[in-house]
Amino acid sequence: MTNPQDLIGHFSGGRVLDVATGSGAFIHFLLEGLKGYTEIIGIDTSERAAAPFAEAFKDNPRIRFEPMDATLMQFPDASFDTVCISNSLHHFDHPEAVLSEMLRVLRPGGHFILSEMYRDRQTETQMTHVLLHHWWAAVDRACGIVHHDTYSREQLVGMFTGLGLENPVVHHLSDTEDDPKQPENLTGLESVIDRYIQRAEGHPDLQARGEVLRQRMHHIGFHGAASLLAIGTKTG
Ligand SMILES: C[S@@+](CC[C@H](N)C(=O)[O-])C[C@H]1O[C@@H](n2cnc3c(N)ncnc32)[C@H](O)[C@@H]1O
């Protein structure tokens, strides 16, 4: 597995914004990897995210959550030294609106970090994750939540390149070393599958799709999907 310090340990984050932070999973990666930081703010529109976020970072007064729409941020221009978005671009109808807001609030010379799993170039065990993820997205959509299938690697590289950042570096992260049938992992996924089958009540086609994926998971196994981690600095 790649060490976060090898990816982002060459700079200090300063004032950091984590966009669509959820419960703050990417902030753990930032804390492990960054050379340092002064403050980290996570924003999200989900009220349900605030409580687990607060619990995760309750001992760290330099990390806080703000409820905010990523497409209409209330921060001034150039007010962050680092902006990040992880595994969230496919949760927006217009990802370009989020990326442009992120660029607006980033100061010239500041770091932009884009992290996102993709849907292609995966092993069979990683493909289990992609297919499960696309099913979770379909169940979310059936419940009225914006959640698209994940992008291809080429689409993500294109979005990142389109930002016109300086010193762009694109990493492709993939870890298939663990046992793909590790019982603790499969048990955890079983309960996620059960939860989504319950949520898909009234949609027998979606429920049946979940059962097929459950069988695939036990038959083929599961690894986290390969993802892109791209870093660049804002011009100016
Ligand atoms: C997969 S989750 C979070 C992933 C998290 N960043 C991580 O790396 O684990 C995607 C998040 O996008 C958030 N989201 C969706 N639309 C949003 C919006 N308009 N503004 C801010 N957050 C939004 C959702 O509430 C959800 O928490």
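Counting convention: from 1, in listed order, for ligands and their atoms alike. Every heavy atom of this structure was used, including side-chain atoms; hydrogens, water molecules and symmetry mates were not. Values in this document were obtained by computation on a predicted structure and should not be read as measured data. Numbering starts at 1 and runs along the sequence shown.
Ring geometry, Tyr118 versus His172: the interplanar angle exceeds 60°, so the pair is classed perpendicular (tilted spans 30 to 60°). Between His147 and His133, the angle of the ring planes goes over 60°, which puts this pair in the perpendicular group of the 30/60° scheme.
Contact annotation: Ser88 has at least one heavy atom less than 4.0 Å from an atom of ligand 1. Contact between Met68 and ligand 1 is present, with at least one heavy atom of the residue lying under 4.0 Å from the ligand.
The salt bridge (Lys or Arg N to Asp or Glu O under 4.0 Å) test applied to Arg119 returns no partner, not counting sequence neighbours.
Among Gln122, His129, Glu124, the one residue that satisfies the side chain to side chain contact (heavy atoms under 4.5 Å, CB included) test with Gln126 is Gln122. Of the candidates Arg15, Lys234, Arg107, Asp81 forms a salt bridge (Lys or Arg N to Asp or Glu O under 4.0 Å) with just one, namely Arg107. The residue from Val212, Asp140, Ile197 that alone fulfils the side chain to side chain contact (heavy atoms under 4.5 Å, CB included) condition with Trp135 is Ile197.
Among protein heavy atoms, the minimum distance from atom 9 (O) of ligand 1 is reached at Ala25 CB, 3.3 Å. For atom 18 (C) of ligand 1, the closest non-hydrogen atom of the protein is Phe92 CE2, 3.3 Å. The protein heavy-atom contact nearest to atom 20 (N) of ligand 1 is Ala70 N, 2.9 Å. Residue, atom and distance of the protein heavy atom nearest to atom 8 (O) of ligand 1 are Ser86 OG, 2.8 Å.
Atoms of ligand 1 found under 4.0 Å from any heavy atom of Thr45 (numbered from 1 in listed order, with element): 14 (N), 16 (N), 17 (C), 18 (C), 20 (N), 21 (C), 22 (N), 23 (C). Close contacts between ligand 1 and Asp69 involve ligand atoms 18 (C), 19 (N), 20 (N) [criterion: under 4.0 Å to a heavy atom]. Taking a cut-off of under 4.0 Å to the non-hydrogen atoms of Gly22, the atoms of ligand 1 that pass are 27 (O). Of all atoms in ligand 1, listed by their number and element, those nearer than 4.0 Å to a heavy atom of Asn87 are 1 (C).
A ring-centre distance under 6.0 Å is not found for Phe80 and His111.
Counting heavy atoms from C-beta on, the side chains of Met102 and Leu114 never come closer than 4.5 Å.
Considering backbone and side-chain atoms alike, Ala20 places an N or O below 3.5 Å from some N or O of ligand 1. Considering backbone and side-chain N/O of Asp44, one or more are found under 3.5 Å from N/O of ligand 1.
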- Query: After noting the C-alpha distance and the side-chain angles of Arg104 and Asp77, does the key distance pass the salt bridge (charged side-chain N to carboxylate O under 4.0 Å, His left out) rule?
  - Reply: CA-CA 5 Å; Arg104 179 184 69 75; Asp77 295 356; 2.8 Å; yes
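Closest to atom 5 (C) of ligand 1 by heavy atom, among Val19, Leu89, Thr21, is Thr21.
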